[in-house]
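What follows is a set of notes on a single structure, which appears directly below.
Predicted, not measured: the structure shown is a model, and the values here were computed from it. A, B, ... follow the sequence lines: proteins, then strands. Residue 1 opens every chain.
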Amino acid sequence: MCLAIPGKVLELLPDRPGALVDVVGVRRKVDIGLLEADMPKPGEWVLIHVGFALSKISEQDALDQMRMLTMLGEDEAAVQEVRGYGLDEPPAGGGSP
Amino acid sequence: MRFVDEFREPELISRTASEIRSLADPSRHYRMMEVCGGHTHAIYRFGLKDLLPGNIELVHGPGCPVCVLPMGRIDDGLLIAEQHDVIFAAFGDMMRVPGAKGSPLEHKARGLDIRVVYSPTDALKLARTNPDRHVMFFAIGFETTAPSTALTLMRAKAERLKNFSVFCNHVTIIPAIRAILDSPDMRIDAFIGPGHVSTVIGCRPYEWIAKNEGKPIVVSGFEPLDVLQAVVMLLRQLRASDAKVENQYRRVVPWEGNRAALKAMAEVFEVRSYFEWRGLGFISQSALRIRGAYAEWDAEQRFQVPGVRVTDPKAAQCGEVLKGVLKPSQCKLFGNACTPEHPVGALMVSSEGACAAYFNYEHGKGTPALTSLV
């Protein structure tokens, strides 16, 4: 559980420090309260851990991180985790699954 | 079967492995501890051990949150849930971890209301949507996870949510490293520092390891090349009789860490005077508890904590494996009484636990690795 998941920020949400992110096609709301000092912008990439964006990273590093999770056999668990954020609420922004 | 071209820069991996061989003094035996369970998983999965000369030994450290949690804490959490009819919410990693009377999953089968959440904010949401029930989030993890719990508690307080609490089991990595260095049966030459914990705490907290203990430490990423480069950096320091903190994972880890995360942790948590770690015993100032200002949302202050103390099954040698004194396969239960399907100890549950990693990849050599490169 110490391996973070890379996601692309699609939009910043107005209700609280939240952002809609895309992790290999799965769109979910994550908390960006821990990036207060350096808020990500749409199009930027973040590392996500237990529903919170932990740091901003480059696109290349995000792709490398996802590939590494795949090599570790952790990619499905990562996507399952992201899918699970927000319990059973419909995905924010009307995105895919 | 993994193929070499899946890895980033295979030629560089090959060159780095050769560099390790030329830097390592053949007359010496090196013991390098990878502190983080994510590294343990990567090292086994990628067969990195096979790329290293025989005199470089990678010793697996205590950085797997579910592995170091003593069984009594799981029992305490489950007993609170049972006695006070609360919803017990925890990460999926916790579900199969054995307690004295079974895992959370087994308690669920017996009718206890146990829910898997992927984020502490989802436990908060459970509380909002179940106003007639109390929701207790069973929090585990090192500094990677603790800031998320902290922000969740800050939100609960801001909302004045009455039916939510956290049973806090957050631990901190530095005192565990100190306990290992103080342990008479441990002889570690150098450390591979944790990656994602360091995105929060930065590199500065490791400085005493270099300055006071004279041990090199390199914070490392998780890819094969990252770990090998960290080994090169450690060997260079050892060769020069140097000891400093270096950051191999600069692309993700800032030297100063994440200030907002540290601020949230400081607002909500204070250091416990001591906490029990499986295998390492009681370590002073090694864990976090919830500050008085958040007492209303602290399960330990809100409910009577049974304070269950359970000794691990006698034949299981989780403690020795956690300290790196024994290899997983040297435990009497490994692979027979204790398997990933029927774990006796937590190290066999989590993919970051040394026993599960060893069982899945090493035991019978499930995965090839990078050896074709060298």
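- A donor atom on one side chain and an acceptor atom on the other are not found under 3.5 Å apart for B:Thr16 and B:Gln229.
- Neither the backbone nor the side chain of B:Val253 has a heavy atom closer than 4.5 Å to any heavy atom of chain A.
- Ranked by non-hydrogen atom pairs under 4.5 Å with chain B, the options A:Glu36, A:Glu74, A:Lys56, A:Gln65 are led by A:Glu74.
- Heavy-atom pairs under 4.5 Å with chain A peak, among B:Cys64, B:Pro147, B:Gly221, B:Ala264, at B:Pro147.
- The aromatic rings of B:Phe142 and B:Trp277 sit tilted, their planes meeting at an angle between 30° and 60°.
- Two rings, from B:Phe222 and B:His196, have their centers less than 6.0 Å apart.
- When the candidates B:Ala260, B:Ser148, B:Pro194, B:Gly195 are compared by the number of heavy-atom contacts under 4.5 Å with chain A, B:Ser148 comes out ahead.
- When only modelled atom types and interatomic distance are considered, B:Thr145 and B:His170 share no side-chain donor-acceptor pair under 3.5 Å.
- Proximity to chain B (any heavy atom under 4.5 Å) is shown, for A:Gln80, by both the backbone and the side chain.
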Carefully, step by step, assess B:Leu12 and B:Leu225 under the rule side chain to side chain contact (heavy atoms under 4.5 Å, CB included).
CA-CA 8 Å; B:Leu12 196 51; B:Leu225 187 58; 3.6 Å; yes
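- Proximity to chain A involves both the backbone and the side chain of B:Asp122, based on heavy atoms less than 4.5 angstrom apart.
- Ranked by heavy-atom pairs under 4.5 Å with chain B, the first of A:Leu54, A:Asp38, A:Ile57, A:Leu47 is A:Leu54.
- Centroid-to-centroid, the aromatic rings of B:Phe164 and B:Phe137 stay 6.0 Å apart or farther.
- With a 4.5 Å cut-off on non-hydrogen atoms, B:Leu126 touches chain A through its backbone and its side chain both.
- Contacts of B:Arg115 with chain A are absent, with no heavy-atom separation under 4.5 Å from either backbone or side chain.
- Taking CZ from A:Arg83 and CD from A:Glu76, the interatomic distance works out to 10.0 Å, rounded to the nearest 0.5 Å.
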